[in-house]
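Working notes for the structure below.
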Amino acid sequence: MLRNISKKMLLVVLLVTVMVIGLTWQPSRAETLLRAVLDSGIKQLDPIWTTGYAVRTHGFMVYDTLFGLDENFNVKPQMVDTYTVSSNKLVYTFTLRSGLKWHDGTPVTSKDCVASIKRWGAKDGIGQKMIASTDKLEIIDDKTFRLTLKEPFGMVLQGLGKVTSNVCFMMREKDAMTDPNEQVKEVVGSGPFKFVKDKFQPGVTVFYVKNDAYVPRKEPASNMAGSKMPQVDGVEFIWIPDPNTAVNALIAGEIDYIWTPTLDLIPKLNAAKGVKVEIHDPTGLQTILRINHQQPPFDNLKARQAVLYATNMEDNLGAVTSDSKLYEACPSMYPCGSPLASNSGSVKQDLNKAKQLLSEAGYKGEKIVFLHCTDDNVINPQSVVSGQNLRKAGFNVDMQAMDWATLVSKRAVRKPAAEGGWHIFQTWFNGPDFLNPIEHIAIGAGCEKAWWGWPCDQQIEDLRTSFGKEADLQKQKEIAQAIQKRAFEVVTYVPLGTVYQPVAYRSDHLDGLLKSPAPLFWNVKKK
Amino acid sequence: MWGYIVRRLLATIPVMGVVAVFVFLLLHLAPGDPAAVVAGSYAMPKDVERIREKLGLNEPIHIQFGKWISNVVQGDLGDSIFSEVPVTRLIAQRIEPTLSLATASILIAIVLAVPLGIVAAWKAGTWIDHGVMVFAVLGFSIPVFVIGYVLMYGFSIKAQIFPVQGFVSIRQGLIPFVRTITLPSIALGVIYAALIARITRASLLEVLGEDYIRTAHAKGLQPRAVLLRHALKNASVPIVTIIGVGIAMLIGGVVVTESVFNIPGLGRLVVDSVLARDYPAIQGLTLMFSAVYLLINLMVDISYTFLDPRIHY
């Protein structure tokens with residue numbers, strides 16, 4: 001009997017031991033595999049086809065750029081070795097660095113770059129303006145190509161080195177010949193990391209390995225400029241849709257980096273050992289309220305101005321986070337701290353004035369359809385606050401709750417509100433999207449060609465054109481301020497302040513993360 | 001029997017047809033534009049329009065349906081609008097995690113619930129019965145994501161026994177597979193365990209009051225034999241039915257569980273596809289889930305013939 005019990009006990013102990021060892025056993029992991037969570041899953045792989053930020057990050061991993069923006073917003077050569085600009089600023093000649101190779105081993109040549117610029121120029125806002133001003137884009141030799149403008153365009157280098165979507169990524173000629181409204185079929189770049197096709201699971205995981213053949217610049221890394229030397233063997237972007245799970249995974253050390261941790265979980269991250277929370281993008285998220293200029297009552301300037309005076313930045317920002325270090329009531333339409341920032345034309349909340357303007361606009365209490373996005377942690381609380389402020393000013397607000405995917409389709413409807421149209425929605429942009437009035441799509445007022453809401457003001461468009469032609473920074477600043485002043489006057493949109501979205505990472509795993517508006521994984525070492 | 005199975009399988013064809021029409025119309029009439037999502041939040045109106053044109057979304061709805069359904073009958077569910085990967089391949093990539101999670105969850109539920117239900121019925125009215133019923137009520141009342149987060153906090157963050165998230169295929173090793181699947185399976189299985197335990201108890205209690213059970217006791221049979229051999233077998237039809245319903249309900253349950261534990265299965269694919277308005281993926285997945293649901297129902301119906309000789313088809 002005792003012997004039987006002992007045997008059973010032995011078996012139980014053995015089983016428990018095996019289970020404990022088994023469950024606590026960790027699979028061996030490559031020391032230099034960096035695992036990061038971006039703001040969304042990557043399903044598309046063509047950063048020219050879409051403007052999504054996660055795909056742009058994928059682009060920075062795989063592709064390289066002719067120029068890059070350093071951390072002081074100065075444009076620096078990247079793939080380009082030397083360049084010259086003619087005295088009349090109409091002819092730009094670019095020479096590529098030696099030794100640049102595509103991931104398939106073939107050399108990077110001028111014809112690849114010319115084709116890439118043309119494809120980018122068909123999609124991107126600055127690119128379209130640059131191509132429209134272009135007379136010739138010609139290949140001189142394998143490493144040299146020339147851009148000849150038919151009229152001055154002061155944003156050539158800024159365009160080629162821009163950080164916002166669509167970034168002017170260089171692709172092989174055969175990929176760059178793809179229709180810009182279709183995706184490229186292969187992902188072969190010349191950037192610091194190579195895309196691993198076999199491990200790609202759309203919306204789940206994207207895997208990259210170090211490009212051993214990458215030839216970095218000699219200058220130290222600075223934002224998108226300088227050395228882009230990869231320091232880890234591999235990078236994996238895994239998409240964790242639940243923000244709480246992502247934070248738990250970082251605390252448990254299963255991942256190394258979260259680009260946009262939800263702001264209400266920041267205290268939890270701050271309290272975690274080995275985790276650092278830092279603001280890497282000094283330009284922040286620019287939160288905005290967009291008005292439909294085509295629909296009554298907002299086809300009337302006074303009604304739009306009533307919205308401007310009804311809103312309150314502090315109220316909106318405080319709704320997003322209680323941590324005042326994470327927001328700034330920045331009155332500028334260009335990111336505060338950036339070269340073009342100013343207070344020109346900005347106003348403070350004044351509900352009495354808003355009511356008066358509304359009365360002068362002849363508003364009779366018609367329903368104001370407010371597209372309320374509920375699945376974004378910044379837009380959702382801000383929309384609720386704005387809706388309430390508008391009610392206080394006398395607007396009859398109809399908050400229509402929906403997810404972002406529904407909102408982006410509803411905002412395309414140009415019919416009256418009663419037939420499925422809209423009056424107002426809120427969103428945010430990454431700061432670099434607003435660095436200058438050409439990239440700044442919310443400040444534009446090109447009527448049918450303008451961003452959703454279709455503001456229409458010839459003065460703004462003329463000033464934007466002048467800005468594009470001007471290369472002198474001081475003169476650019478003056479024009480930018482004039483544009484901002486006019487944009488406040490006609491209320492192309494209402495700025496609602498800056499939210500500084502921090503990144504969170506394992507400081508005991510990573511070293512050398514670059515401060516940048518985009519998540520960058522070159523220069524980073526795994527401890 | 002075989003004639004019945006063939007008839008039932010043939011009957012799935014019109015059902016699937018109705019599902020196909022319904023899902024297609026519902027998706028295309030509901031608000032949402034995949035072209036706008038593809039283009040990105042910051043795209044200009046003209047870019048969205050170009051993409052819509054390229055994707056064929058401007059074509060009349062009956063033309064779009066005709067193209068889609070003619071491909072479906074040839075076994076082609078179309079390509080994802082976003083990744084341009086065939087929907088069948090997307091499903092194949094994601095089926096293993098979901099199948100693993102569903103199987104483990106239902107096994108946990110059955111292994112836990114049937115004995116609990118039997119004990120509760122056998123000890124009806126005692127504290128054991130009350131305890132089981134409290135578990136059943138709690139298990140069914142607490143949402144799966146709450147159970148998931150509690151398990152994650154206790155076993156992943158604090159005890160560090162299981163990983164917080166992710167899935168490792170069984171082909172990459174049994175132990176890593178078990179480590180990743182355990183917590184999600186418990187979180188999901190508890191709900192169905194609660195349901196199955198209640199039905200097992202209720203069904204057994206009804207059978208235990210029958211005359212033939214009293215006769216079995218009168219014949220001097222051991223209580224265990226009466227319970228397991230005579231009562232349980234006759235109580236099993238409702239239990240099998242609820243297990244079948246549970247398997248079908250898992251389709252909904254995996255959506256939440258896979259999101260909480262970041263398991264890249266079909267549930268997450270459904271959510272991602274719906275949020276992005278990826279029409280071909282949503283349509284393909286709905287058709288597949290409908291087929292699974294119909295097959296489970298058929299299998300449950302067939303199993304009755306083995307459990308109850310009075311049932312013939």
Side-chain angles (χ1 to χ4, degrees), chain A residues 20-25 27 41-45 49-53 55 123 125 164-165 179-183 185 200-205 238-242 244-246 248-249 251-252 254-255 375 402-406 408-412 420 427 429 433 441 448-452 454, chain B residues 30-51 53-54 80 82-85 90 93-94 145 148-149 152-153 156-157 160-166 168 172-176 178-179 182 259-262 264 268-269 271-278:
Chain A
V20 169
I21 291 171
L23 293 173
T24 53
W25 173 80
I42 295 178
K43 294 177 190 166
Q44 299 134 287
L45 296 168
W49 193 53
T50 179
T51 57
Y53 283 139
V55 186
K123 288 283 279 196
T164 54
S165 293
D179 180 336
N181 294 306
E182 288 178 16
Q183 286 203 72
K185 303 296 176 216
F200 175 51
Q201 265 196 288
V204 178
T205 180
I238 56 170
W239 174 229
I240 304 180
D242 186 300
N244 199 36
T245 304
N248 283 335
I251 291 170
E254 291 172 27
I255 57 170
D375 58 348
M402 62 193 70
D403 66 346
W404 181 249
T406 304
V408 293
S409 58
K410 284 208 83 163
R411 72 181 179 184
T427 186
F429 287 76
D433 288 310
I441 53 176
E448 303 299 310
K449 291 179 181 171
W451 197 59
W452 316 103
W454 309 281
Chain B
D33 180 4
V37 184
V38 162
S41 302
Y42 312 112
M44 300 296 276
K46 61 182 184 312
D47 295 324
V48 176
E49 191 50 44
R50 280 192 201 120
I51 290 174
E53 193 68 40
K54 277 278 173 196
S80 159
F82 293 84
S83 59
E84 297 181 353
V85 171
L90 280 180
Q93 279 181 348
R94 306 287 194 99
F145 66 88
Y149 286 137
M152 194 187 286
Y153 181 76
S156 303
I157 302 287
Q160 298 189 342
I161 296 172
F162 298 101
V164 169
Q165 53 82 42
V168 178
Q172 292 172 260
L174 181 64
I175 291 170
V178 171
R179 291 185 79 237
T182 304
S259 294
V260 169
F261 288 97
N262 192 35
R268 258 190 62 188
L269 184 60
V271 175
D272 289 349
S273 305
V274 169
L275 289 177
R277 307 294 191 270
D278 193 344

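The sequence lines fix the lettering, A, B, ..., with proteins before strands; numbering per chain opens at 1.
- No side-chain heavy atom of A:Pro180 sits under 4.5 Å from any side-chain heavy atom of B:Arg50.
- Side-chain N or O atoms of A:Trp239 include none that pairs as donor or acceptor with a backbone N or O of B:Asn262 at under 3.5 Å.
- Heavy atoms of B:Met44 lying under 4.5 Å from chain A belong to its backbone as well as its side chain.
- In this structure, the side chains of A:Val204 and B:Arg94 come closer than 4.5 Å at one or more pairs of heavy atoms.
- Across B:Gly166, B:Ala35, B:Pro264, B:Pro45, the residue that shares the most heavy-atom pairs under 4.5 angstrom with chain A is B:Pro45.
- With sequence neighbours excluded, the residues that form a ring pair (Phe, Tyr, Trp, His ring centres under 6.0 Å) with A:Tyr53 are B:Tyr42.
- One finds a salt bridge joining B:Lys54 and A:Asp179 here, because a Lys/Arg side-chain nitrogen approaches an Asp/Glu carboxylate oxygen to under 4.0 Å.
- Side chains of A:Asn244 and B:Phe145 form no contact here, defined as non-hydrogen atoms less than 4.5 Å apart.
- At least one side-chain heavy atom of A:Ile238 sits less than 4.5 Å from a side-chain heavy atom of B:Gln165.
- When heavy atoms are compared at a cutoff of 4.5 Å, B:Leu90 approaches chain A solely by way of its side chain, counted from C-beta outward.
- With a 4.5 angstrom heavy-atom cutoff, B:Tyr149 touches chain A only via side-chain atoms.
- B:Leu275 meets the side chain to side chain contact (heavy atoms under 4.5 Å, CB included) test with A:Asp403, B:Val271; sequence neighbours excluded.
- Counting heavy atoms from C-beta on, the side chains of A:Thr245 and B:Val164 come closer than 4.5 Å.
- In this structure, B:Arg268 and A:Pro241 have side chains that are in contact, with non-hydrogen atoms separated by less than 4.5 Å.
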